[in-house]
Amino acid sequence: EERPGYALKKYSPYENSYLDGIGNSEKDDIYHYGSSLVDLIQQCPEQEIGSHTFSHYYCLENASLSSFEADLLAARRIAAARGIELKTIIFPRNQYSTEHLLCCKKHGFLAYRGNENSVVYRPRKNEDQEKAIRAARLTDAYINLTGHHSFDAGRSYDRESGLVNLPASRFLRPYSARLSPLDGLRLSRIKKSMSFAATRKEAYHLWWHPHNFGANLKENLAFLEAILQHYRHLNQRFGMESRTMRAIAEETLEPHAI
């Protein structure tokens, strides 16, 4: 009932005609519905379904904290209807504050994906994503400007919020025909950081949106395959493991009896 009152209404799916184009079910609208995909993920071992909020909520666009809480509860209800207990959250556009984290803690969440430890990745409003910031992030995908961003998962407990912060290490950018000549650099950037993490027994958090692979599917999957092959090498040589956020969070919190 309480919806986000963003300063700019264009950010709200409730305030424009976006909802008018949604069909009644997955049968007639596979773009907006994906229950069959959720079923597949639930059937696959060692996978976790977390929260990306209910309405793709933007935490830093001047909406009230109570509307965020209402959104969070809506996400928990719809997940519970499918037998899913939400324990981890990824914030849209990487926007969050301590108040939002405390709200997540209040409602049973254990972990969140924080941002890379660099000024170019700190949480910002959409309007504050300056061209220089975007250019720095793009360059960082090919050349190591800001570091490897691996981290000690065992020391990721955030005392201020009471959650486990499992920060991003690298956004897997989708294939671009225009930038494809640089794909060797893009792959090397990721593989070197993965190796850096593995040799130090640290964590490396690679992330992307599923729809990033929607176009140029062949090229994107081939790139991912190369990353997975490198992971297999690191797994065999250094014991690197693929883990869900929830599994890491529960392991991190257990010694503290939290």
Side-chain angles (χ1 to χ4, degrees), residues 1-22 31-35 38 48-131 133-134 137 156-168 171 205 207-211 245-246 249 253 258:
E1 293 182 358
E2 184 174 1
R3 297 175 177 180
Y6 299 126
L8 296 177
K9 291 186 176 181
K10 66 180 181 179
Y11 295 139
S12 175
Y14 305 107
E15 298 288 344
N16 52 49
S17 59
Y18 180 75
L19 294 176
D20 296 340
I22 295 180
Y31 180 81
H32 289 104
Y33 291 88
S35 61
V38 176
E48 177 191 0
I49 296 176
S51 176
H52 196 43
T53 71
F54 182 78
S55 67
H56 209 255
Y57 193 99
Y58 298 134
C59 291
L60 301 183
E61 301 299 338
N62 300 320
S64 68
L65 187 62
S66 60
S67 68
F68 172 73
E69 185 171 28
D71 185 276
L72 204 64
L73 291 173
R76 288 182 63 82
R77 283 194 298 270
I78 199 169
R82 303 188 67 87
I84 299 168
E85 185 181 24
L86 297 178
K87 289 295 183 181
T88 64
I89 186 167
I90 308 297
F91 293 97
R93 301 287 173 88
N94 302 308
Q95 293 186 7
Y96 60 88
S97 70
T98 299
E99 289 74 20
H100 296 98
L101 296 176
L102 289 172
C103 185
C104 292
K105 172 66 175 178
K106 173 184 174 182
H107 291 288
F109 284 81
L110 300 179
Y112 68 100
R113 187 187 73 206
N115 293 356
E116 296 93 323
N117 185 25
S118 169
V119 65
V120 301
Y121 294 108
R122 69 175 177 80
R124 289 177 170 84
K125 292 183 177 181
N126 290 329
E127 301 300 314
D128 293 337
Q129 303 291 345
E130 302 171 359
K131 289 184 178 180
I133 294 295
R134 296 197 299 270
R137 291 177 182 172
S156 53
Y157 176 60
D158 177 7
R159 294 186 179 278
E160 188 174 14
S161 68
L163 299 175
V164 174
N165 177 13
L166 301 174
F171 168 51
H205 193 161
W207 69 275
W208 68 95
H209 305 92
H211 70 255
M245 290 178 66
R246 178 172 181 169
L253 295 172
I258 298 172

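Remember, predicted model here, so these are calculated numbers, not experimental data. Excluded from the calculations below are hydrogen atoms, water molecules and symmetry mates; all remaining heavy atoms, backbone and side chain alike, are included.
- Applying the side chain to side chain donor-acceptor pair (under 3.5 Å) rule to K9 yields no partners; only residues at least two apart in sequence or on another chain are considered.
- With sequence neighbours excluded, no residue satisfies salt bridge (Lys or Arg N to Asp or Glu O under 4.0 Å) with K131.
- For R113, the side chain to side chain donor-acceptor pair (under 3.5 Å) partners are N94, not counting sequence neighbours.
- Every residue two or more places apart in sequence or in another chain that forms a side chain to side chain donor-acceptor pair (under 3.5 Å) with E2 is listed here: S64, S66.
- For residues 63-91, the pairs satisfying salt bridge (charged side-chain N to carboxylate O under 4.0 Å, His left out) are D39-R82, E69-K106, E85-K87, E85-R246, with sequence neighbours left out.
- For residues 114-126, no pair satisfies salt bridge (charged side-chain N to carboxylate O under 4.0 Å, His left out), with sequence neighbours left out.
- Annotation for V120 and R137: closest pair O-NE, 2.7 Å, computed over non-hydrogen atoms.
- Evaluation of the ring-ring contact (aromatic ring centres under 6.0 Å, His included) rule for F54 yields no partner, not counting sequence neighbours.
- Judged by distance alone, with hydrogens and angles left aside, the side-chain atoms of N115 form a donor-acceptor pair with the main-chain N or O of Y121 at under 3.5 Å.
- Applying the ring pair (Phe, Tyr, Trp, His ring centres under 6.0 Å) test to every pair with at least one member in residues 76-96, sequence neighbours left out, gives these pairs: F91-Y96, Y96-Y112.
- The stretch residues 50-64 participates, sequence neighbours left out, in no salt bridge (charged side-chain N to carboxylate O under 4.0 Å, His left out) pair at all.
- W207 pairs by the ring-ring contact (aromatic ring centres under 6.0 Å, His included) definition with F171, H209, not counting sequence neighbours.
- Aromatic pair Y57/Y6: centroids less than 6.0 angstrom apart.
- With sequence neighbours excluded, the residues forming a side-chain contact (heavy atoms from CB on, under 4.5 Å) with D20 are S17, listed by chain and number.
- In terms of heavy-atom proximity, S55 sits nearest to P13 at O-CG, 4.0 Å.
- In terms of the ring-ring contact (aromatic ring centres under 6.0 Å, His included) criterion, residue partners of H56 (sequence neighbours excluded) are, by chain and number, H52, Y58.
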